[in-house]
Amino acid sequence: MGGGRKTKHGAEVAPIFRARREESSRGEDGREEDSDSAASDTSRTAAAAPLTKADLRHLLQEIKTNMAAEFSRHLTPITESLNDLTRRTTAIEDQLDRTSMQAQTNETAISALQDQVRLLEEAQEDLNNRSRRNNIRIRGVPETVGIDMLAPTLRELFCSLLPEASPAELLLDRAHRALKAPLPNATQPRDIIIRMHYFHIKEALMRAARDNPLQIEGHQVCFYQDLAPSTLRKRRELRPLTLELARRHIRYTWGHPFKLQVRQNNRVHTLYHISEATAFAERLGLPAIDLTRTA
């Protein structure tokens with residue numbers, strides 16, 4: 001038949017059936033296209049749908065959980081380091097507190113010990129001076145008077161000062177030069193330290209020597225009280241003050257234990273320690289005394 005199509009077996013298909021087959025094929029293709037289009041539309045509709053409060057709460061909770069986990073991961077080593085620093089700082093502060101308390105205790109103890117040492121030094125100095133109370137330091141006797149001639153020369157000197165005293169009263173316990181080597185070509189001879197047996201004779205000799213200038217071989221001889229080295233050092237430190245007193249014709253006396261006394265306007269002013277020199281001078285109406293200057 002003209003106008004028909006053959007099948008794969010070679011048979012021809014009538015036009016009416018061929019039209020139906022094409023329609024059926026087109027219908028199947030349409031259904032497939034409609035199915036894909038519906039799925040796409042459903043996806044677009046779901047994507048474009050607004051989020052509910054429950055969705056937002058869920059998303060926010062997820063964000064919080066993720067952030068907390070991330071922060072915890074990064075902050076854990078930092079927290080451990082801070083805790084370690086806190087423990088070490090606390091230990092250091094505790095140690096500083098203990099050290100500070102111990103330092104205060106030590107300061108109090110040191111101050112008490114310094115007071116005790118000062119009192120012991122003053123007591124030792126006083127005992128030293130009292131052991132020298134019968135001593136006289138004689139200055140000016142030339143070195144040509146040897147050790148063998150010291151006693152006879154001194155007895156002759158004492159007889160001239162106290163002619164009324166008997167030889168028994170002028171008893172001399174010992175006499176010697178100052179314990180240091182003589183300096184070559186020295187113009188000033190070494191001092192002679194003597195100990196008189198009787199204290200009242202020693203005091204009488206000191207008074208007579210002040211009133212009667214003495215000479216031996218053309219050298220002037222002076223008598224001084226033999227004192228402890230610490231007492232001599234203190235007196236040297238106070239020399240600017242005593243010079244000012246002498247310049248103003250203010251009489252002063254030394255005492256034992258160490259002290260400097262001045263009587264002014266029927267009042268006795270006493271200095272016990274060098275640190276009191278400024279206040280002592282103010283009480284006497286003296287200008288400021290500089291104890292560091294050399295006399």
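No hydrogens, no waters, no symmetry mates; every other heavy atom, side chains included, goes into these values.
In this structure, the side chains of K234 and E125 come closer than 4.5 Å at one or more pairs of heavy atoms. Contact check for L286 versus L245: side-chain heavy atoms found under the 4.5 Å cut-off. For the pair R267 and R263, the minimum side-chain heavy-atom distance is 4.5 Å or more. Within the 4.5 Å cutoff, the side chain of E244 has heavy atoms near those of the P287 side chain. Counting only heavy atoms from C-beta outward, the side chains of Y224 and D191 never approach each other to under 4.5 Å. For the pair I250 and L284, the minimum side-chain heavy-atom distance is 4.5 Å or more.
With hydrogens and angles ignored, the 3.5 Å screen pairs no side-chain donor or acceptor of S111 with any backbone N or O of T108. The backbone N or O of D226 lies less than 3.5 Å from no partner atom in the side chain of N135, so there is not a single donor-acceptor pair. Between the side chain of S81 and the backbone N or O of P77, at least one donor-acceptor pair lies under 3.5 Å. The closest donor-acceptor contact from the side chain of E169 to the backbone of S166 lies under 3.5 Å. Although no hydrogens or angles enter the test, the distance criterion places a donor-acceptor pair under 3.5 Å between the side chain of T105 and the main chain of M101. Formation of a donor-acceptor pair under 3.5 Å by the Q225 side chain with backbone atoms of R132 is found in this model.
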Steps toward side-chain contact (heavy atoms from CB on, under 4.5 Å) verdict (I138, L154) = CA-CA 10 Å; I138 302 175; L154 292 175; 3.7 Å; yes
Apply the test side-chain contact (heavy atoms from CB on, under 4.5 Å) to residues T99 and Q95: give CA-CA distance (whole Å), side-chain angles for both, the deciding distance (0.1 Å), then the verdict.
-> CA-CA 6 Å; T99 303; Q95 182 63 35; 3.5 Å; yes
Could you walk me through whether H269 and Q261 pass side-chain contact (heavy atoms from CB on, under 4.5 Å), step by step?
-> CA-CA 6 Å; H269 303 274; Q261 289 185 325; over 6 Å; no
Dump the intermediate steps for salt bridge (Lys or Arg N to Asp or Glu O under 4.0 Å) on D211 and R207, then the final yes or no.
-> CA-CA 7 Å; D211 298 333; R207 288 192 298 269; over 6 Å; no
Give the intermediate values and the outcome of side-chain contact (heavy atoms from CB on, under 4.5 Å) for residues I216 and L157.
-> CA-CA 9 Å; I216 295 180; L157 189 63; 4.3 Å; yes
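At a cut-off of 3.5 Å, with distance as the only test, no side-chain donor of D126 or H256 sits close to an acceptor on the other residue. A donor-acceptor pair shorter than 3.5 Å cannot be found between the side chains of S100 and D97. Residues N66 and E62 have side chains that never bring a donor and an acceptor to within less than 3.5 angstrom of each other. If you check the side chains of Q215 and H219, you find no donor sitting under 3.5 Å from an acceptor. Side-chain atoms of R87 and N83 form no donor-acceptor pair, as typed in the model, at a separation below 3.5 Å.
At a threshold of 4.5 Å between side-chain heavy atoms, the hydrophobic network of Ile, Leu, Val, Met, Phe, Trp and Tyr places L172 and Y198 in one connected group. Linking Ile, Leu, Val, Met, Phe, Trp and Tyr residues whenever their side-chain heavy atoms come within less than 4.5 Å leaves L82 and I92 in two separate clusters. Hydrophobic clustering, with ILVMFWY side chains joined whenever heavy atoms are under 4.5 angstrom apart, groups F71 together with I78. Follow the hydrophobic side-chain contacts under 4.5 Å out from I136 and you reach V145 in the same cluster. Linking ILVMFWY residues whenever their side-chain heavy atoms come closer than 4.5 Å, directly or via other members, places L75 and I63 in the same cluster.
To the nearest 0.5 Å, atom CG of residue L243 and atom CZ of residue R248 are 13.0 Å apart. Rounded to the nearest 0.5 angstrom, M196 CE and L170 CG are separated by 5.5 Å. In this structure, CG in N212 is found 11.0 Å from CG in L205, a value given to the nearest 0.5 Å. Separating the CG atom in N134 from the CD1 atom in I194 is a distance of 10.0 Å, to the nearest 0.5 Å. Here the CG-CG distance, from L260 to L241, works out to 6.0 Å after rounding to the nearest 0.5 Å. One distance of note links NE2 of H273 with CG of L238; it measures 10.0 Å at 0.5 Å rounding.
At a threshold of 4.0 Å, the pair D94-R98 does not count as salt-bridged, since none of the basic side-chain nitrogens sits closer than that to a carboxylate oxygen. A salt bridge links R73 with E70: the closest approach of a Lys/Arg side-chain nitrogen to an acidic carboxylate oxygen falls below 4.0 angstrom. Looking at E121 and R118, no side-chain N of the basic residue comes within less than 4.0 Å of a carboxylate O on the acidic one, giving no salt bridge.
With respect to R139, the side-chain contact (heavy atoms from CB on, under 4.5 Å) criterion is satisfied by exactly one of Q188, Q220, R190: Q188.
When all heavy atoms are compared, the tightest approach of F258 to R235 is CE1-CG, 4.1 Å. In terms of heavy atoms, R177 sits closest to P189 at NH1-CB, 4.1 Å. Among all heavy-atom pairs drawn from N128 and P229, the shortest one is ND2-CD, 4.4 Å. Listed here is the closest heavy atom pair of N129 and A228: OD1-N, 2.8 Å. Across all non-hydrogen atoms, the minimal contact from A277 to L291 is CB-CD1, 3.6 Å. Residues L150 and H176 come closest through the heavy atom pair CD1-CA, 4.2 Å.
Geometrically, K259 does not engage Y272 in a cation-pi contact defined by less than 6.0 Å to the ring centre and at most 45° from the axis. Geometric assessment of R210 against the ring of F223 yields a negative cation-pi assignment under the 6.0 Å and 45° thresholds.
Around CD of E156, the count of heavy atoms belonging to other residues, nucleotides or ligands within 6.0 Å does not exceed 12. Crowding of F199 atom CZ: a count of heavy atoms from other residues, nucleotides or ligands under 6.0 Å exceeding 12.
Ring geometry for W254 versus Y252: interplanar angle over 60°, hence perpendicular rather than tilted (30 to 60°).
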